[in-house]
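I have placed the structure first, in the form of structure tokens, so that the comments after it can refer back to it.
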Amino acid sequence: MNVDETTASVERAFAKPLPRRFFDRPTRRVARELLGKTIVRRSGARWRAARLVEVEAYLAGDPASHAFRGPTPRNASMFGAPGTLYVFRIHQVVCANVVTQRGEAVLLRAGSLPEGSSGNPSGPGRLCRYLGITRSDDGIDLVRSQTRLLDGPPPTEPVRTAPRVGISRAKERRLRYLLWGNPWVSRPRPWGRRPPAQRSLAQA
DNA sequence: TCATTGATTTGCT
DNA sequence: GCAAATCAATGAT
């Protein structure tokens, strides 16, 4: 889905979300392939969308995962069907994950804005704030609800991995996936002071 | 019931 | 770059 599309074409795309089998695959693969996909939230004729530019994988047996110690009231939706949304609160902020296989999920860390939209979806909390995701969205089905993931053209930027952000355990695992050079990737950005290529600025 | 901790963000130095 | 904000889920007592 592209940034300058009309509501009509959003509706068309909305009718064909990523199928459940997309999510029911090894989590790292889903994470990598979620880059460039678009998350859309619709309420009536209004909609908001972001093209994912940064995610993190949380795996079974992963001490950094909320599911590491098994199901609890908070993480229950991580054990739901593939394509379930897992929303949790951290400090004063909510973050959203896409459930893949049982007890595993992909944290949505940052997106880029459709042309003409304003907001700041650069960061897990900011992305949820931009999309209007709240705790009450925990457990919704991304295949059938008014919040969906839509396919799109493959990213032009290279996909790179990096250590995950803000965790205290399993810090060394490179389970953060991002579009290299994309200005919407949240901090810390793995490239330096300046963007690695002018070309990537066109992706904003 | 109590203490600890955190998949963040913001603002200040 | 670093620390404070701020609160509920979680695990320990």
Side-chain angles (χ1 to χ4, degrees), chain A residues 23 26-35 37 39 41 48 50-80 82-113 117-140 142 147 149 159-180 182-194:
Chain A
F23 304 103
T27 299
R28 280 171 289 203
R29 177 120 188 249
V30 175
R32 180 176 290 268
E33 294 188 16
L34 274 173
L35 296 176
K37 302 295 192 286
I39 183 168
R41 205 144 203 268
R48 269 197 225 205
R51 173 181 173 263
L52 298 174
V53 301
E54 179 191 355
V55 300
E56 283 176 0
Y58 288 86
L59 308 178
D62 176 358
S65 170
H66 289 172
F68 182 57
R69 297 168 191 274
T72 67
R74 175 172 77 152
N75 67 20
S77 52
M78 275 189 81
F79 296 85
T84 297
L85 191 71
Y86 165 49
V87 181
F88 69 93
R89 208 200 84 158
I90 177 71
H91 293 80
Q92 303 311 105
V93 172
V94 300
C95 302
N97 300 252
V98 176
V99 175
T100 56
Q101 290 169 335
R102 184 172 181 75
E104 304 194 344
V106 177
L107 172 69
L108 307 181
R109 286 198 59 90
S112 62
L113 291 175
S117 298
S118 61
N120 183 357
S122 181
R126 289 168 174 166
L127 177 61
C128 285
R129 188 174 55 184
Y130 164 74
L131 292 170
I133 290 173
T134 69
R135 279 285 305 275
S136 67
D137 295 305
D138 182 43
I140 65 171
L142 293 169
T147 303
L149 280 154
V159 173
R160 298 248 189 132
T161 63
R164 293 175 291 184
V165 178
I167 55 172
S168 60
R169 289 172 294 189
K171 284 181 171 179
E172 72 291 346
R173 302 193 73 176
R174 300 178 68 87
L175 293 173
R176 183 188 186 196
Y177 296 81
L178 51 88
L179 295 182
W180 185 257
N182 187 289
W184 292 101
V185 169
S186 71
R187 302 213 274 219
R189 300 193 178 105
W191 54 87
R193 179 82 180 78
R194 298 238 175 248

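Chain letters run A, B, ... following the sequence lines, proteins first, then strands; residues in each count from 1.
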Whether A:S168 contacts B:dG6 is assessed here as follows: a side-chain N or O lying under 4.0 Å from the phosphate OP1 or OP2. Is that the case? yes

Whole-Å distance, A:E172 CD to B:dA7 C1', equals 15 Å

Among the nucleotides C:dG11, C:dT6, B:dA7, which one has an atom lying closest to any side-chain atom of A:R69? C:dG11

To the nearest angstrom, how far is A:H91 atom NE2 from B:dT4 atom P? 16 Å

Which of these passes side chain to side chain donor-acceptor pair (under 3.5 Å) with A:S77: A:N97, A:D138, A:T84? A:D138

Watson-Crick or G-U wobble partner for B:dA7, using a 3.5 Å limit on both distances? none

Expressed in angstrom and rounded to an integer, what is the separation of A:R187 atom CZ from C:dG1 atom C1'? 11 Å

Counting side-chain heavy atoms from CB outward, which of C:dC7, B:dA7, C:dT10 is closest to A:T72? C:dT10

Compare the minimum distances between each of B:dA7, B:dT9, B:dT10 and the side chain of A:R126, then state the nucleotide with the smallest one. B:dT10

Round to a whole Å and report the spacing from CD of A:E54 to P of B:dA7. 15 Å

What is the distance, to the nearest angstrom, from the CD1 atom on A:I90 to the C1' atom on C:dA9? 10 Å

Whole angstroms only, please: what is the CD-P distance between A:Q92 and C:dA4? 16 Å

Could you check whether A:E33 pairs with A:K37 (Lys NZ or Arg NE/NH1/NH2 to Asp/Glu carboxylate O, under 4.0 Å)? no

With the side chain defined as heavy atoms from C-beta on, A:R129 is closest, among B:dT10, C:dT10, B:dA7, to B:dT10

Only one of A:I39, A:L131, A:I133 passes side chain to side chain contact (heavy atoms under 4.5 Å, CB included) with A:L108, and that residue is A:I39

Atom CG of A:N97 to atom P of B:dT8: distance rounded to whole Å? 11 Å

Side chain of A:H66, heavy atoms from C-beta onward: which of B:dA7, C:dT10, B:dT8 has the nearest atom to it? B:dA7

Nearest-neighbour nucleotide for the A:R135 side chain, B:dT10, B:dT8, C:dA9 considered: C:dA9

Atom CZ in A:R173, atom OG1 in A:T161: separation rounded to 0.5 Å? 12.0 Å

Distance, rounded to the nearest Å, where A:F88 contributes CZ and B:dA7 contributes C1': 4 Å

When you get a sec, tell me which of C:dT10, B:dT8, C:dT6 is the closest nucleotide to the side chain of A:V165? B:dT8

Which part of the nucleic acid does A:I167 contact within heavy-atom distance under 4.0 Å: base, sugar-phosphate only, or nothing? sugar-phosphate

Considering only side-chain heavy atoms of A:R74, which listed nucleotide, B:dT9, C:dA9, B:dA7, is closest? C:dA9

Starting at CG of A:L175, measure out to CG of A:L107 and round the result to the nearest 0.5 Å. 11.5 Å

Taking any strand in view, what nucleotide pairs with C:dT6 in a Watson-Crick or G-U wobble way, both distances under 3.5 Å? none

